[in-house]
S.K.: 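Pasting a structure here, questions to come.
Note that the structure is a prediction, hence the values are computed from the model and not measured.
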Amino acid sequence: MGRDVPALVFTREDRRRYRIKMQECLDAFAQMLRESRFETERPQVGLEIELNLVDDEAEPAMRNSEALEAIADPAWSTELGRFNLEINIPPRALTAGGPDAWETEIRAALNHAEDRAESVGAHLIMVGILPTLRQSDVGEAALSENPRYRLLNDQVFAARGEDLHIEVDGVDRLRTYADTITPEAACTSTQFHLQVAPEEFADYWNAAQAIAGVQVALAANSPFLLGKELWHESRIPLFEQATDTRPQEIKAQGVRPRVWFGERWINSVFDLFEENLRYFPALLPLCDEQDPVETLHRGDIPELGELTLHNGTIYRWNRPVYAVARDKPHVRVENRVLPAGPTVADTLANGAFYYGLTRALVEEERPVWSRMSFSVAEENLHTAARHGMEARLYWPGVGEVTVPELVLRRLLPLAHRGLELTGMDSAWREPLLGIIEQRCVTGRNGAVWQKEMFHHIDATARPGRHEALRRMTQQYMDYMHLNAPVHTWPVD
């Protein structure tokens with residue numbers, strides 16, 4: 001969904017043509033896989049971070065257009081809500097530039113954007129869900145100006161035929177309806193990209209699916225939504241519900257949701273794109289002029305525009321990506337389960353754990369996905385989202401175990417080994433994975449700190465719920481700018 005689209009009404013002919021073009025793209029993609037036309041020599045990693053905009057009082061600031069104009073950097077773009085922005089960090093080799101290079105680059109980009117946004121009365125905050133967001137902030141007026149968001153909104157509701165029902169039970173209970181998809185804008189995430197050879201894609205995707213629950217438990221940072229204390233990572237159920245195109249009757253028939261964990265381990269990247277075409281009707285049936293099959297016959301590389309646009313409207317927690325860079329096609333895994341924040345240090349620690357652990361699991365003689373049912377991996381994700389660091393997750397050979405015990409005894413050593421295999425020496429590994437280790441030792445991630453700080457303010461000052469959330473958010477931003485990992489943040 002990164003491209004701009006015009007505001008228009010789709011006809012039956014548009015949908016018929018789009019279906020034909022998607023099949024042609026899929027056929028071309030299959031041919032490219034058979035002929036090994038993909039970039040494999042320079043594997044890259046990438047990072048996208050979605051952020052919220054707030055004013056001086058830590059309340060939502062509906063100023064993304066003004067902020068984007070002030071930042072004036074093509075790495076930045078708008079997101080669904082007027083209180084969102086996204087930065088796309090340029091891809092790189094994982095070990096390029098030494099231990100501090102990536103962190104320095106990211107912090108410089110964020111600090112520059114913060115300085116420029118401040119000139120239009122806004123500030124950036126990396127958090128899974130902005131704690132000060134209210135129901136009145138996620139109405140139709142909060143949709144970003146770009147026509148693609150309005151068009152996507154219209155197509156989701158045309159498919160549903162009724163308002164969205166959002167229902168989450170946690171410490172509190174949330175029951176609300178929405179007549180736009182803007183509540184989805186409350187979900188701000190960190191997305192790690194990993195370019196892999198096509199023949200290795202299935203193993204890396206399966207490994208990413210297997211550890212999704214562990215990732216979320218370690219990095220949960222979204223305990224509050226619309227003034228309610230819900231799951232440790234409330235982003236997961238909110239995102240699943242806020243873009244659901246299915247009315248209740250269609251759900252009961254077993255039709256798959258567009259925010260989807262999946263239903264099976266895969267054997268090829270082709271499996272996922274083929275599922276997209278088989279299971280999901282097009283939301284945005286916009287056809288490119290390029291003929292993918294003819295382009296291949298000429299010896300050129302097709303963009304596969306219809307395939308990639310359709311893929312962008314199916315929100316897998318680990319999404320396949322096809323792209324063309326430097327005139328060469330590649331595939332990558334886009335890991336989408338993690339919330340934004342709390343700090344750049346925490347973000348890079350999460351990335352090191354993800355990249356290292358997936359590499360180690362792929363190298364194992366007996367893959368973890370051959371010893372774990374797919375449904376258990378999905379159950380782990382939702383258990384982790386609900387309970388965070390307190391979750392008990394299933395892992396082969398261990399059974400059901402607490403997250404700190406699983407990570408400290410089993411998974412951290414594997415992550416170290418995986419990073420070592422990529423060429424990352426201990427001087428870089430130890431500080432990054434040390435942050436993960438200390439989260440487990442202290443039992444504190446972003447969600448735990450937010451909950452503890454909110455209750456501390458509420459108990460000592462009794463300012464009222466929203467004011468306590470606002471003060472907590474201001475304190476969060478102060479610590480965020482210090483870039484001290486969240487497990488070190490005090491509650492006082």
S.K.: Please examine the side chains of R471 and P463, heavy atoms only from C-beta on, and report whether any two atoms are closer than 4.5 Å.
M.R.: yes
S.K.: Are the side chains of N88 and S77 in touch, meaning some heavy atoms are under 4.5 Å apart?
M.R.: no
S.K.: Looking at OH of Y149 and OG1 of T180, how far apart are the two atoms once the value is rounded to the nearest 0.5 Å?
M.R.: 14.0 Å
S.K.: Would you find more than 12 non-hydrogen atoms of other residues, nucleotides or ligands less than 6.0 Å from E379 atom CD?
M.R.: no
S.K.: Between V368 and P396, what is the shortest heavy-atom contact and its length?
M.R.: CG2-CG, 3.7 Å
S.K.: Output a table of donor-acceptor pairs, distance under 3.5 Å, between side-chain atoms of residues 43-53 and any protein atom two or more places apart or on a different chain; print 'none' if there are none.
M.R.:
residue	atom	partner	partner atom	Å
Q44	OE1	R92	N	3.2
E48	OE2	H193	NE2	2.5
E50	OE1	S189	N	2.9
E50	OE1	S189	OG	3.2
E50	OE2	Q191	NE2	2.9
N52	OD1	N84	ND2	3.4
N52	ND2	T188	OG1	3.2

S.K.: Measure the acute angle between the ring planes of W489 and Y479, then classify it against the limits of 30° and 60° as parallel, tilted or perpendicular.
M.R.: tilted
S.K.: Only pairs at least two apart or in different chains count here, so list each side chain to side chain donor-acceptor pair (under 3.5 Å) that has a residue in residues 120-139.
M.R.: D56-H123, E114-H123, R134-H466, Q135-T176
S.K.: If we count only N and O atoms by modelled type, under 3.5 Å, do the side chains of E240 and H382 hold a donor and an acceptor together?
M.R.: yes
S.K.: State whether the number of non-hydrogen atoms from other residues, nucleotides or ligands found under 6.0 Å of R462 atom CZ is greater than 12.
M.R.: no
S.K.: Would you check if the side chain of R336 reaches a backbone N or O of R316 as a donor-acceptor pair within less than 3.5 Å?
M.R.: yes
S.K.: Checking R256 against E263 for the salt bridge (charged side-chain N to carboxylate O under 4.0 Å, His left out) test, could you report, in this order, the C-alpha distance in whole Å, the side-chain angles of both residues, the deciding distance, and whether it holds?
M.R.: CA-CA 9 Å; R256 292 144 179 98; E263 61 189 12; 3.0 Å; yes
S.K.: Are the side chains of Q241 and V168 in touch, meaning some heavy atoms are under 4.5 Å apart?
M.R.: yes
S.K.: Taking atom CD1 of I87 and atom CG of D73, what is their separation to the nearest 0.5 Å?
M.R.: 6.5 Å
S.K.: Testing the basics here: between N276 and H310, what is the closest heavy-atom pair and its distance to 0.1 Å?
M.R.: O-NE2, 3.0 Å
S.K.: What are the two closest heavy atoms between V344 and M126, and how far apart are they?
M.R.: N-CE, 3.6 Å
S.K.: For the side chain of W395 and the backbone of V401, is there at least one donor-acceptor N/O pair under 3.5 Å apart?
M.R.: no
S.K.: Considering residues, nucleotides and ligands other than R371, do more than 12 of their heavy atoms fall under 6.0 Å from its CZ?
M.R.: yes
S.K.: Quick one: closest heavy-atom pair of F83 and A186, and the distance?
M.R.: CZ-N, 4.2 Å
S.K.: I want to check something: taking the side chain as every heavy atom from C-beta on, are L412 and F353 in contact at a cut-off of under 4.5 Å?
M.R.: yes
S.K.: Counting N and O atoms only, with roles assigned by atom type, does the side chain of R429 sit under 3.5 Å from a partner on the main chain of L419, one being a donor and the other an acceptor?
M.R.: no
S.K.: Tell me whether the rings of H165 and Y177 are parallel (<30°), tilted (30 to 60°) or perpendicular (>60°).
M.R.: parallel
S.K.: When you measure from the side chain of R359 to the backbone N and O of R417, does any donor-acceptor pair fall under 3.5 Å?
M.R.: no
S.K.: Using a 3.5 Å distance criterion without hydrogens, assess whether the side chain of R392 forms a donor-acceptor pair with backbone atoms of E400.
M.R.: yes
S.K.: Looking at T343 and P485, would you say the former's side chain and the latter's main chain have a donor-acceptor pair under 3.5 Å?
M.R.: no
S.K.: If the test is side-chain contact (heavy atoms from CB on, under 4.5 Å), which one of L164, V259, L238 qualifies with T243?
M.R.: V259
S.K.: So, does R465 use its side chain to make a donor-acceptor pair with the main chain of A468 at under 3.5 Å?
M.R.: no
S.K.: Dump the intermediate steps for side-chain contact (heavy atoms from CB on, under 4.5 Å) on L218 and C440, then the final yes or no.
M.R.: CA-CA 8 Å; L218 286 170; C440 292; 3.6 Å; yes
S.K.: For a quick test of reading the model, state the closest non-hydrogen atom pair linking N445 to A217 and the distance between them.
M.R.: ND2-O, 3.0 Å
S.K.: Measuring from N380:CG to M372:CE, what's the distance to the nearest 0.5 Å?
M.R.: 5.5 Å
S.K.: Under 3.5 Å, is there a donor on one side chain and an acceptor on the other for T190 and N350?
M.R.: no
S.K.: Count the heavy atoms of every other residue, nucleotide or ligand shown that sit under 6.0 Å from CD of E69, and state whether that count exceeds 12.
M.R.: no
S.K.: Quick one, N335 and Q215 - any side-chain contact, counting heavy atoms below 4.5 Å?
M.R.: yes
S.K.: Quick one: list whatever passes side-chain hydrogen bond (donor to acceptor under 3.5 Å, both in side chains) with E452, sequence neighbours left out.
M.R.: R444
S.K.: Backbone N or O of R332 within a donor-acceptor pair of the W205 side chain at under 3.5 Å?
M.R.: no
S.K.: On the 0 to 90° scale, with breaks at 30° and 60°, tag the W265-W369 ring pair as parallel, tilted or perpendicular.
M.R.: tilted
S.K.: Measuring from atom CG of N311 to atom CD of E275, what distance do you get when rounded to the nearest 0.5 angstrom?
M.R.: 11.5 Å
S.K.: Got a second to check how far N206's CG is from T358's OG1, nearest 0.5 Å?
M.R.: 12.0 Å
S.K.: Who are the salt bridge (charged side-chain N to carboxylate O under 4.0 Å, His left out) partners of R386, not counting sequence neighbours?
M.R.: none
S.K.: So, does R63 use its side chain to make a donor-acceptor pair with the main chain of G121 at under 3.5 Å?
M.R.: yes
S.K.: My understanding is that only residues two or more places apart in sequence, or in another chain, count here; which of them pass salt bridge (charged side-chain N to carboxylate O under 4.0 Å, His left out) with R173?
M.R.: D169
S.K.: Nearest 0.5 Å please: distance from the CG atom of L433 over to the NE2 atom of H416.
M.R.: 4.5 Å
S.K.: For the pair R470 and Q474, evaluate side chain to side chain donor-acceptor pair (under 3.5 Å) and give the outcome as yes or no after the intermediate values.
M.R.: CA-CA 6 Å; R470 191 190 68 78; Q474 287 185 312; 3.1 Å; yes
S.K.: Does E467, at its CD atom, have more than 12 non-hydrogen atoms belonging to other residues, nucleotides or ligands within less than 6.0 Å?
M.R.: yes
S.K.: Indicate the atoms forming the closest heavy-atom contact of R439 with A219, along with that distance.
M.R.: NH1-CA, 4.0 Å
S.K.: Is any side-chain heavy atom of F192 closer than 4.5 Å to one of V333?
M.R.: no
S.K.: Is the shortest side-chain heavy-atom distance between Q450 and H232 below 4.5 Å?
M.R.: no
S.K.: So do the side chains of V214 and L393 get within less than 4.5 Å of each other, counting heavy atoms only?
M.R.: yes
S.K.: From the options F454, Y476, W231, select the one residue that forms a ring pair (Phe, Tyr, Trp, His ring centres under 6.0 Å) with F224.
M.R.: F454
S.K.: Take L348 and I106 through the side-chain contact (heavy atoms from CB on, under 4.5 Å) test and state the conclusion after the steps.
M.R.: CA-CA 10 Å; L348 291 181; I106 296 166; 3.8 Å; yes
S.K.: If only atom types and distance count, is the side chain of R82 paired as donor or acceptor with the main-chain N or O of L143 below 3.5 Å?
M.R.: yes
S.K.: Could you go through the side-chain contact (heavy atoms from CB on, under 4.5 Å) check for T182 and E140 one step at a time?
M.R.: CA-CA 7 Å; T182 319; E140 185 176 358; 5.7 Å; no
S.K.: Which residues pass the side-chain contact (heavy atoms from CB on, under 4.5 Å) test with Q248, not counting sequence neighbours?
M.R.: K251
